[in-house]
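Notes to accompany the following structure.
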There are 2 protein chains.
Amino acid sequence: MENWDNFRIFLSVTRSGSIRGAAKMLGITHATVSRRIKFLEDTLGSSLFERKREGQCLTPLGQRILPLAKTIEGGCAEVDRLAFSADTGLAGTVKLSLSESLYSGLLHAPIDDFMQRYPMIKLDIIASDLMSNLAQREADVVIRITRNPPDTAYGRKVANSPLALYTSHKYLANRPAPDRWIAMDYAPARKPVIPAQVVANANSPTLAAQLIRSGRGMGLLPCYLGDTDPELERVSEVGLISDMQVWVLTHEDIKVNPRVRVLMDHLYQVFEKYRPTLEGLKMTASV
Amino acid sequence: MENWDNFRIFLSVTRSGSIRGAAKMLGITHATVSRRIKFLEDTLGSSLFERKREGQCLTPLGQRILPLAKTIEGGCAEVDRLAFSADTGLAGTVKLSLSESLYSGLLHAPIDDFMQRYPMIKLDIIASDLMSNLAQREADVVIRITRNPPDTAYGRKVANSPLALYTSHKYLANRPAPDRWIAMDYAPARKPVIPAQVVANANSPTLAAQLIRSGRGMGLLPCYLGDTDPELERVSEVGLISDMQVWVLTHEDIKVNPRVRVLMDHLYQVFEKYRPTLEGLKMTASV
DNA sequence: ACGTTTTGGATGAAATATGTACCATGGAGA
DNA sequence: TCTCCATGGTACATATTTCATCCAAAACGT
């Protein structure tokens with residue numbers, strides 16, 4: 001084999017479905033991607049993609065190669081993790097992934113605190129609702145709000161994250177009948193839990209919170225968002241609705257890295273302290 | 001991971017034990033190998049080798065990475081084989097590996113014949129006593145003379161290759177007592193089978209044949225070598241000694257390739273015809 | 001102890017890979 | 001039908017990598 005690195009490009013093309021898309025993912029130009037794929041095809045002696053209207057389509061050979069390329073990728077990723085775990089210094093970088101809403105709603109201050117406590121650790125904060133891929137080391141530590149606790153990763157459940165019904169003071173001052181309902185469809189679609197007319201659908205909790213804040217209606221929000229927002233008010237007509245769990249996770253391979261260790265320990269302590277807030281037991285924000 | 005191709009260089013260094021050795025294996029300069037290894041070490045954040053007197057020595061991290069690099073290599077090799085098997089054209093290249101002695105002693109003519117019959121197939125002939133690595137596609141088809149028939153590869157045993165006792169006309173004309181013995185130590189060490197004094201040790205059958213040919217003594221040779229050499233004469237004092245088997249082999253993945261097919265079929269026929277010679281049943285050479 | 005050989009590192013020159021244009025094509029939407 | 005946008009291919013200028021060397025250090029054989 002001529003150049004193993006071309007499998008990286010190959011995988012990007014299969015995932016993005018286009019040369020240009022792969023180039024964007026990889027941070028290089030489409031000309032390079034095109035040449036590299038052509039080079040790979042030349043050394044293999046057969047083409048791997050067919051240029052179709054709906055994008056780059058794998059040939060039969062390409063399909064047979066795909067799982068092998070993923071194996072190769074997996075090997076490279078594991079090397080990455082091993083090297084990271086072998087890096088025993090406290091100085092360096094850790095990548096933390098968490099949802100934007102959790103960061104702005106609750107964890108902004110504790111994370112600031114961590115950065116002050118460990119100034120030699122550079123914290124890369126990745127605000128992403130999509131779960132970052134721990135295996136590929138897109139993130140070293142993730143705070144995941146989920147219903148399905150993962151069994152492959154290493155870490156623990158740090159809290160429940162129930163929903164409650166919220167609205168704004170403005171809305172309550174002039175409450176219409178029937179109620180206006182702000183739905184969240186990013187989670188499994190939720191219907192109003194009280195008689196109400198759906199007026200909006202938000203695909204993220206922060207967006208839903210903003211809609212509710214502006215007085216457009218009421219809706220279910222995670223308690224950590226609703227309770228920490230001074231403009232929102234919990235509506236007592238419905239109680240807490242058990243929904244998600246909060247997990248702090250890392251990859252088995254890198255759990256021994258000291259930076260991962262201190263970050264996770266810090267997060268465990270943080271969630272110990274904030275668990276009442278997350279679980280909706282403490283109505284006042286403790287920012 | 002920055003550049004997956006560096007694992008290829010990494011593996012070469014582990015195998016050759018030195019930067020320069022790896023460079024020679026890879027056909028590039030040692031400066032490049034040095035820079036690539038340094039680059040890999042930089043991206044991983046830890047060193048992989050230690051410069052020791054006995055060469056490049058793997059660090060603990062390097063040792064942990066080694067099996068992963070081999071996994072990656074295995075994936076690349078399998079891609080290679082898949083692509084080769086998907087290459088359904090009769091025109092192209094096939095790599096055939098066989099021992100130098102078998103080629104010059106017996107198979108020179110039949111292989112010429114094959115090249116004439118299939119002029120569109122380019123035959124890469126690799127004369128090597130070391131078994132070429134089928135998995136890595138160092139060879140597509142190998143003729144292996146062995147005692148341990150492999151079970152992973154695809155192919156069949158085409159003949160036995162017994163030993164017999166040979167000497168030269170010259171030697172017989174003035175036969176000393178006790179006899180002079182030319183030993184072959186490339187195989188499991190062989191002692192004289194008749195009372196004789198060991199005068200030489202050859203580490204290859206062709207070398208042993210040359211020594212015997214020059215009248216320095218007598219010794220055991222594969223029949224395909226002894227019987228086809230007009231200057232040698234079989235000594236009837238001992239009969240045939242069962243020794244090796246001849247196998248024609250390819251990799252499971254590429255057995256469907258048409259060029260591999262026709263080459264193997266051709267070789268099967270060739271050995272069908274030459275089996276008496278190989279097995280020492282036909283005293284006159286049939287070159 | 002000496003020269004010889006092999007090792008790995010450093011540095012201008014050459015070769016290769018990449019980026020930046022530009023182009024033609026083909027849908028999607030007006 | 002038209003434009004508009006995105007796609008992939010190609011040519012040339014630019015960056016980067018690799019090569020050919022020279023160098024110092026260490027190991028080996030004499």
Side-chain angles (χ1 to χ4, degrees), chain A residues 1-63 65-66 69 72-73 76, chain B residues 1-63 65-66 69 72-73 76 79-80:
Chain A
M1 182 57 42
E2 199 71 15
N3 186 350
W4 296 359
D5 196 46
N6 287 337
F7 289 115
R8 200 163 49 90
I9 280 75
F10 169 79
L11 277 174
S12 277
V13 175
T14 64
R15 283 172 182 144
S16 69
S18 74
I19 302 280
R20 282 186 119 95
K24 193 180 245 176
M25 282 176 59
L26 294 164
I28 57 181
T29 61
H30 74 280
T32 301
V33 174
S34 180
R35 271 185 303 244
R36 296 263 232 143
I37 291 294
K38 180 183 282 183
F39 184 79
L40 180 59
E41 289 177 333
D42 285 351
T43 61
L44 293 179
S46 312
S47 73
L48 300 172
F49 293 100
E50 255 176 277
R51 282 73 178 150
K52 285 206 173 162
R53 57 201 107 277
E54 64 269 17
Q56 300 287 335
C57 175
L58 281 170
T59 62
L61 177 62
Q63 287 170 18
I65 283 177
L66 180 56
I72 295 167
E73 179 185 48
C76 294
Chain B
M1 183 56 45
E2 201 71 18
N3 186 351
W4 295 0
D5 196 47
N6 286 338
F7 290 115
R8 198 163 49 92
I9 280 75
F10 169 79
L11 276 174
S12 278
V13 175
T14 63
R15 283 172 182 144
S16 70
S18 75
I19 301 280
R20 282 187 117 95
K24 193 179 243 175
M25 283 177 58
L26 294 165
I28 57 181
T29 60
H30 72 280
T32 301
V33 174
S34 182
R35 264 182 278 105
R36 295 264 233 140
I37 291 294
K38 180 182 281 181
F39 184 80
L40 180 60
E41 289 176 334
D42 285 351
T43 60
L44 292 179
S46 310
S47 73
L48 300 171
F49 294 100
E50 255 176 276
R51 281 75 177 152
K52 285 207 172 161
R53 58 198 99 277
E54 65 270 16
Q56 299 288 336
C57 174
L58 281 170
T59 62
L61 177 61
Q63 287 170 19
I65 283 178
L66 181 55
I72 294 168
E73 178 184 48
C76 293
V79 168
D80 234 20

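The sequence lines fix the lettering, A, B, ..., with proteins before strands; numbering per chain opens at 1.
- Atom CZ of R35(A) is separated from atom C1' of dA11(D) by 10 Å (rounded to the nearest Å).
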Worked verdict on I72(A) versus W4(B) for side-chain contact (heavy atoms from CB on, under 4.5 Å): CA-CA 9 Å; I72(A) 295 167; W4(B) 295 0; 3.7 Å; yes
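- L48(A) CG to C57(A) SG: the interatomic distance, rounded to the nearest 0.5 Å, is 12.0 Å.
- Axis angle across the helix from dA1(C)-dT30(D) to dA30(C)-dT1(D), with five pairs used at each end and values rounded to 10°: 30°.
- Dashed line: the shortest gap from a side-chain N or O of S34(A) to OP1 or OP2 of dG8(D) is not under 4.0 Å.
- For DNA chain D, the residues of residues 37-45 of chain A within the heavy-atom distance limit of 4.0 Å (strictly under) are K38(A), sorted by number.
- Contacts classified as side-chain hydrogen bond (donor to acceptor under 3.5 Å, both in side chains) and involving residues 32-42 of chain B (residues at least two apart or in different chains) are given here: D5(B)-R36(B), N6(B)-R36(B), T29(B)-T32(B).
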Indicate every side-chain donor-acceptor pair of residues 9-27 of chain B with a distance under 3.5 Å to a residue at least two apart or in another chain.
unit_1 : atom_1 : unit_2 : atom_2 : d
T14(B) : OG1    : L11(B) : O      : 2.6
R15(B) : NH1    : E73(B) : OE2    : 2.8
R15(B) : NH2    : E73(B) : OE1    : 2.8
S16(B) : OG     : S12(B) : O      : 3.1
S16(B) : OG     : S18(B) : N      : 3.4
S16(B) : OG     : S18(B) : O      : 2.9
S16(B) : OG     : A22(B) : N      : 2.9
S18(B) : OG     : G21(B) : N      : 2.8

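- Read 5' to 3', the first and last nucleotides of DNA chain C with an atom closer than 4.0 Å to a heavy atom of chain B are dT7(C) to dA10(C).
- The separation between K24(A) atom NZ and dG8(D) atom P is 12 Å, rounded to whole Å.
- Atoms CG and SG, from N3(A) and C76(B) in turn, are 9.5 Å apart once rounded to the nearest 0.5 Å.
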Pair E50(A), Q56(A) - check side-chain contact (heavy atoms from CB on, under 4.5 Å), show working. CA-CA 6 Å; E50(A) 255 176 277; Q56(A) 300 287 335; over 6 Å; no
side-chain contact (heavy atoms from CB on, under 4.5 Å) between L44(A) and V79(B): does it pass, once the steps are laid out? CA-CA 8 Å; L44(A) 293 179; V79(B) 168; 3.9 Å; yes
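- Remark: H30(A), A31(A) in residues 25-32 of chain A come within less than 4.0 Å of DNA chain D through at least one heavy atom.
- Here E2(A) pairs with F39(A), T43(A) under the side chain to side chain contact (heavy atoms under 4.5 Å, CB included) rule; sequence neighbours left out.
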Walk me through whether T59(B) and F49(B) qualify under side-chain contact (heavy atoms from CB on, under 4.5 Å). CA-CA 5 Å; T59(B) 62; F49(B) 294 100; 5.6 Å; no
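- Residues of residues 10-20 of chain A having a heavy atom closer than 4.0 Å to DNA chain D, listed by number: S18(A), I19(A), R20(A).
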